[in-house]
2 protein chains.
Amino acid sequence: MIIGVMGPEGSYSEKAAKLWTAKYDLCSAEFRYFADIEDTLLAAVQGKSDLSVIPVENSIEGSVGITLDLLLEKDVKMVGEVVVKIEHCLLAKGRLDEIRIILSHPQGLAQCRHFLKKHFPGTELRSTGSTSHAARLAGEFEEMAAIASPEAAECYKLNTLLSNIQDQKENYTRFIVLKAGEKDPNAGEKDPFKQASFSTCKNSPFKTSLIVYLQKDRPGALYEILGAFAKRKINLTKIESRPSKKELGDYYFYIDFEGHSSDALIKDALEDIKVKVDTLKVLGSYPAFKK
Amino acid sequence: MIIGVMGPEGSYSEKAAKLWTAKYDLCSAEFRYFADIEDTLLAAVQGKSDLSVIPVENSIEGSVGITLDLLLEKDVKMVGEVVVKIEHCLLAKGRLDEIRIILSHPQGLAQCRHFLKKHFPGTELRSTGSTSHAARLAGEFEEMAAIASPEAAECYKLNTLLSNIQDQKENYTRFIVLKAGEKDPNAGEKDPFKQASFSTCKNSPFKTSLIVYLQKDRPGALYEILGAFAKRKINLTKIESRPSKKELGDYYFYIDFEGHSSDALIKDALEDIKVKVDTLKVLGSYPAFKK
């Protein structure tokens, strides 16, 4: 089994994949590295990986916009989630006083916003495809430092100048595990809520993720959708809006809730929601993460 | 009157402020420039500006995380909104084939994500405090290009190598106009929903923005809040979640809706909501933007 992760080695996405494969005894899984979130997700779609692991949400900086967009645009299914503790370090080849440029993934820079503003107010900030890519670059030039993981420090033989530099000590990122959507489109059509769940994990509580686009000019439409969950006492774990990109003030809603799409109660709720919305995309049901 | 905008000259925030002051005949307003979103907002809080204009939401990339965070953390009131059409250009001193580094505000980079991935896959991307700051830097080094406005091209005498490079042709950013919160804390306590609205604009329809933090372990709490609006037929224009930063899966909700907090119907809804939530912060009522 090939697992697509964000590369190069030492990324948080690789760490998430290691945790996830260890949990499900997939020790034979082989990791393949991709340049950024988009390429890692596309690897699963295009068959370059069997599964791919990408970040979806961080406890300081919130949702990863590009991941939400790709979940809507591409034909993928969610089969798992894993939460990783994020402890950003400032890594460099040289000394603290030599730093002229700080590199990281935009989420890494955002999670250390206060730190950067306080300690490096004039320093140039550069975006990279992953935190480990930032670390690799920092290994090449002494005036560069990276915001990345302790593992990346080891991989690229960098000095850890400062540890735990994110703006809140408690910092977690939720990663999702994806596979390509159903190959046979008819299979999906016959049973739109059929979710291929990861076979080994039937014994833990499940979560389901979906995207809805509400019928326009129907005030209270979102209230009705939430009502379909509330009246069945289905617990929502997340609701997030994301621009439709058609016009300002027009949104898709991303909803996560407890339960499996094959449960009678959830099936019923989804049937109810289906007639109330313009678009419903069920992203998948998967075992809820537990430490 | 001093209006704080993101600097240097040529920023979209300055353009928003120009549109807004022209609309309300505030021709004598003087602009003062600040380094980034945080400094521009803090200028209003600290009395360095009477009003400040910062971006809150873009039609391609969604909410501006730092703005949402600051609206919660700092004592500010919203007094206006203005929507600006965003037409990003690729600006440089040199030629297209000389570009080694592309600079912009993180939102600018994100709004041009497809463009950058397609045309500049290996090029270094750098984050700046504003798009105009990117343009000013691009004026200093021939290997640098900026993603910024046509106005910035003019300001910094740069060549417009490419125009309208954002991933969707229709691209709009909503800016908000802020002032410092009530100076006298008792005034606020006596009437928590008292909103100082901008005096000259009483004749247009209003919008109100608020932030709520829901009581924990109360499933369906969000549904109840939306119900307070739905049963009064108050139209929501936006709902957005933002991490509380305390733990993953714990959120504040940002809600925008039609109406003024001094309207009887809205007052009634707010009283209803107040008892259902843990925290309610009314950010202000302001004239809804119209072209």
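Source: prediction; values computed, not measured. What you see below is based on every heavy atom in this structure, not just the backbone, and it leaves out hydrogens, waters and symmetry mates. Every chain is numbered from 1, with letters handed out A, B, ... down the list of sequences.
- Interface check for chain B: of the options A/G62, A/G65, A/A35, the most heavy-atom pairs under 4.5 Å are formed by A/G62.
- If you measure heavy-atom distances from A/I234 to chain B, you find no contacts under 4.5 Å at all.
- Here the straight-line distance linking atom CG of A/L248 with atom CZ of B/F289 works out to 9.5 Å at 0.5 Å rounding.
- Chain B forms the most heavy-atom pairs under 4.5 Å with one residue out of A/A110, A/G220, A/G249, A/G227, and that residue is A/G227.
- At a 4.5 Å heavy-atom cutoff, the contact between A/L125 and chain B is made by backbone and side-chain atoms alike.
- Partners of A/A16 under the side chain to side chain contact (heavy atoms under 4.5 Å, CB included) rule, at least two apart in sequence or in another chain, are A/V53, A/V82, A/V84, A/F175.
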Between chain A and chain B, which donor-acceptor pairs sit under 3.5 Å apart?
{"residue": "B/D36", "atom": "OD1", "partner": "A/K117", "partner atom": "NZ", "Å": "3.3"}
{"residue": "B/D36", "atom": "OD2", "partner": "A/K117", "partner atom": "NZ", "Å": "2.7"}
{"residue": "B/E38", "atom": "OE1", "partner": "A/R113", "partner atom": "NH1", "Å": "3.1"}
{"residue": "B/D39", "atom": "OD1", "partner": "A/K117", "partner atom": "NZ", "Å": "3.0"}
{"residue": "B/D39", "atom": "OD2", "partner": "A/K117", "partner atom": "NZ", "Å": "3.4"}
{"residue": "B/E57", "atom": "OE2", "partner": "A/Y251", "partner atom": "OH", "Å": "2.3"}
{"residue": "B/I60", "atom": "O", "partner": "A/K245", "partner atom": "NZ", "Å": "2.7"}
{"residue": "B/E61", "atom": "O", "partner": "A/R242", "partner atom": "NH1", "Å": "3.0"}
{"residue": "B/E61", "atom": "OE1", "partner": "A/R242", "partner atom": "NH2", "Å": "3.1"}
{"residue": "B/R113", "atom": "NH1", "partner": "A/E38", "partner atom": "OE1", "Å": "3.1"}
{"residue": "B/K117", "atom": "NZ", "partner": "A/D36", "partner atom": "OD1", "Å": "3.3"}
{"residue": "B/K117", "atom": "NZ", "partner": "A/D36", "partner atom": "OD2", "Å": "2.7"}
{"residue": "B/K117", "atom": "NZ", "partner": "A/D39", "partner atom": "OD1", "Å": "3.0"}
{"residue": "B/K117", "atom": "NZ", "partner": "A/D39", "partner atom": "OD2", "Å": "3.4"}
{"residue": "B/E124", "atom": "OE1", "partner": "A/R126", "partner atom": "NE", "Å": "3.4"}
{"residue": "B/E124", "atom": "OE1", "partner": "A/R126", "partner atom": "NH1", "Å": "2.0"}
{"residue": "B/E124", "atom": "OE2", "partner": "A/R126", "partner atom": "NH1", "Å": "3.2"}
{"residue": "B/L125", "atom": "O", "partner": "A/S127", "partner atom": "N", "Å": "2.8"}
{"residue": "B/R126", "atom": "NE", "partner": "A/E124", "partner atom": "OE1", "Å": "3.4"}
{"residue": "B/R126", "atom": "NH1", "partner": "A/E124", "partner atom": "OE1", "Å": "2.0"}
{"residue": "B/R126", "atom": "NH1", "partner": "A/E124", "partner atom": "OE2", "Å": "3.2"}
{"residue": "B/S127", "atom": "N", "partner": "A/L125", "partner atom": "O", "Å": "2.8"}
{"residue": "B/S127", "atom": "OG", "partner": "A/S127", "partner atom": "OG", "Å": "3.2"}
{"residue": "B/I239", "atom": "O", "partner": "A/S241", "partner atom": "OG", "Å": "2.9"}
{"residue": "B/E240", "atom": "OE1", "partner": "A/S241", "partner atom": "OG", "Å": "3.3"}
{"residue": "B/S241", "atom": "OG", "partner": "A/I239", "partner atom": "O", "Å": "2.9"}
{"residue": "B/S241", "atom": "OG", "partner": "A/E240", "partner atom": "OE1", "Å": "3.4"}
{"residue": "B/R242", "atom": "NH1", "partner": "A/E61", "partner atom": "O", "Å": "3.0"}
{"residue": "B/R242", "atom": "NH2", "partner": "A/E61", "partner atom": "OE1", "Å": "3.1"}
{"residue": "B/K245", "atom": "NZ", "partner": "A/I60", "partner atom": "O", "Å": "2.7"}
{"residue": "B/Y251", "atom": "OH", "partner": "A/E57", "partner atom": "OE2", "Å": "2.3"}

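- Residue with the most contacts toward chain A among B/L103, B/I66, B/I225, B/L236: B/I66 (heavy-atom pairs, distance under 4.5 Å).
- Proximity to chain B (any heavy atom under 4.5 Å) is shown, for A/F229, by neither the backbone nor the side chain.
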